[in-house]
Amino acid sequence: MSRPDRKPATDSTRPPSMKFFRAANKVVRPLLASRFHRPLSGRLMLLTYNGRRTGREYTVPIGYSDWDPGTVLAMSSQLSWIPSMRGDPTVTLRIRGRDHQAVPTVIEDEQGITDTLREFARRNGPKAAKGLMLGFPGDRQPTEEELHTAAGKARLVRFHLTS
């Protein structure tokens with residue numbers, strides 16, 4: 001029998017809410033901008049961009065991975081900053097305590113996302129792929145079906161560093 005004053009258990013596979021991200025960003029953003037960035041800056045960077053409709057400047061921490069020389073790959077389940085990356089704007093990335101100008105390319109098509117996720121898992125291994133929190137196993141390379149399912153959830157942007 002359930003008690004009416006108790007909240008139901010939360011689903012642990014559900015992504016964190018926007019409230020969680022906003023609260024965490026209030027701590028993470030200043031740390032990444034400071035000289036004390038090292039514990040976080042291997043996996044997180046600061047993205048500074050102008051909003052596409054408002055023109056307002058935003059700075060948000062996002063997860064990233066080194067990709068090719070002069071290129072980083074960013075992944076996010078949050079969609080708010082992705083539309084502002086279309087149209088090749090120049091943005092600023094703070095990576096490991098240093099600022100870089102970059103031009104983003106949003107990977108939009110499902111096949112492109114699938115191919116990039118496959119390559120990510122190949123380059124970085126199953127444990128790193130599992131860390132993306134897209135449902136990949138940690139003990140083997142993902143199957144084609146798992147890659148296609150994850151492609152429907154993933155948002156990817158490739159940043160080409162220009163300075």
- line: Residue set satisfying side-chain hydrogen bond (donor to acceptor under 3.5 Å, both in side chains) with Thr90, at least two apart, ordered chain then number -> none
Taking every non-hydrogen atom, the tightest pair across Pro89 and Ser84: CG-O, 3.3 Å
statement: NZ of Lys130 to CZ of Arg140, rounded to nearest 0.5 Å, is 11.0 Å
message: Going by side chain to side chain contact (heavy atoms under 4.5 Å, CB included), name the residues that satisfy it together with Thr71, two or more places apart in sequence or in a different chain.
response: Trp67, Asp68, Arg158, His160
query: Around atom CZ of Arg43, are there more than 12 heavy atoms of other residues, nucleotides or ligands at under 6.0 Å?
result: no
statement: Applying side-chain hydrogen bond (donor to acceptor under 3.5 Å, both in side chains) to Thr149 and not counting sequence neighbours gives none
task: Taking side chain to side chain contact (heavy atoms under 4.5 Å, CB included) as the test, write out the residues that go with Asp139, two or more places apart.
output: Pro137
message: What's the separation between atom CE in Met75 and atom CD1 in Ile107, rounded to the nearest 0.5 Å?
response: 8.5 Å
- request: Please check if Tyr58 and Ile62 belong to a single hydrophobic cluster, counting links between Ile, Leu, Val, Met, Phe, Trp and Tyr side chain heavy atoms closer than 4.5 Å.
  value: yes
field: From CA spacing to verdict: salt bridge (Lys or Arg N to Asp or Glu O under 4.0 Å), Asp66, Arg123
entry: CA-CA 11 Å; Asp66 291 322; Arg123 289 182 186 191; over 6 Å; no
- request: Considering only NZ, NE, NH1 and NH2 on the basic side and carboxylate oxygens on the acidic side, decide whether Glu146 and Arg118 come within less than 4.0 Å.
  value: no
- request: State, to 0.1 Å, how close Ala154 and Leu117 come at their nearest heavy-atom pair, and which atoms those are.
  value: CB-CD1, 4.2 Å
task: Keeping to residues at least two apart or across chains, list the salt bridge (Lys or Arg N to Asp or Glu O under 4.0 Å) pairs with something in residues 98-109.
output: Arg86-Glu108, Arg94-Asp99
- prompt: According to a 4.5 Å side-chain heavy-atom criterion applied to Ile, Leu, Val, Met, Phe, Trp and Tyr, with indirect links allowed, do Val91 and Leu161 form part of one hydrophobic cluster?
  reply: yes
message: Once side chain to side chain contact (heavy atoms under 4.5 Å, CB included) is applied, do any residues pair with Arg122, and if so which ones, sequence neighbours excluded?
response: Glu119
Show me the donor-acceptor pairs within less than 3.5 Å that the side chains of residues 44-54 make with the rest of the protein, sequence neighbours left out.
from  : atom 1 : to    : atom 2 : distance (Å)
Thr48 : OG1    : Thr59 : OG1    : 3.0
Thr54 : OG1    : Arg56 : N      : 3.1

statement: Residues at least two apart in sequence or cross-chain that pass side chain to side chain contact (heavy atoms under 4.5 Å, CB included) with His148, listed by chain then number, are Glu110, Gln111, Thr114, Glu144
message: Can you pull out every ring pair (Phe, Tyr, Trp, His ring centres under 6.0 Å) where at least one residue sits in residues 112-137? Sequence neighbours excluded, please.
response: none
field: Any donor-acceptor N/O pair, Ser65 side chain to Leu73 backbone, under 3.5 Å
entry: no
- prompt: Are side-chain heavy atoms of Val157 and Ile82 found at a separation under 4.5 Å?
  reply: yes
field: Asn124: partners by side-chain hydrogen bond (donor to acceptor under 3.5 Å, both in side chains), with sequence neighbours left out
entry: none
query: With no hydrogens and no angle check, is any side-chain donor or acceptor of His100 less than 3.5 Å from a backbone partner on Leu93?
result: no
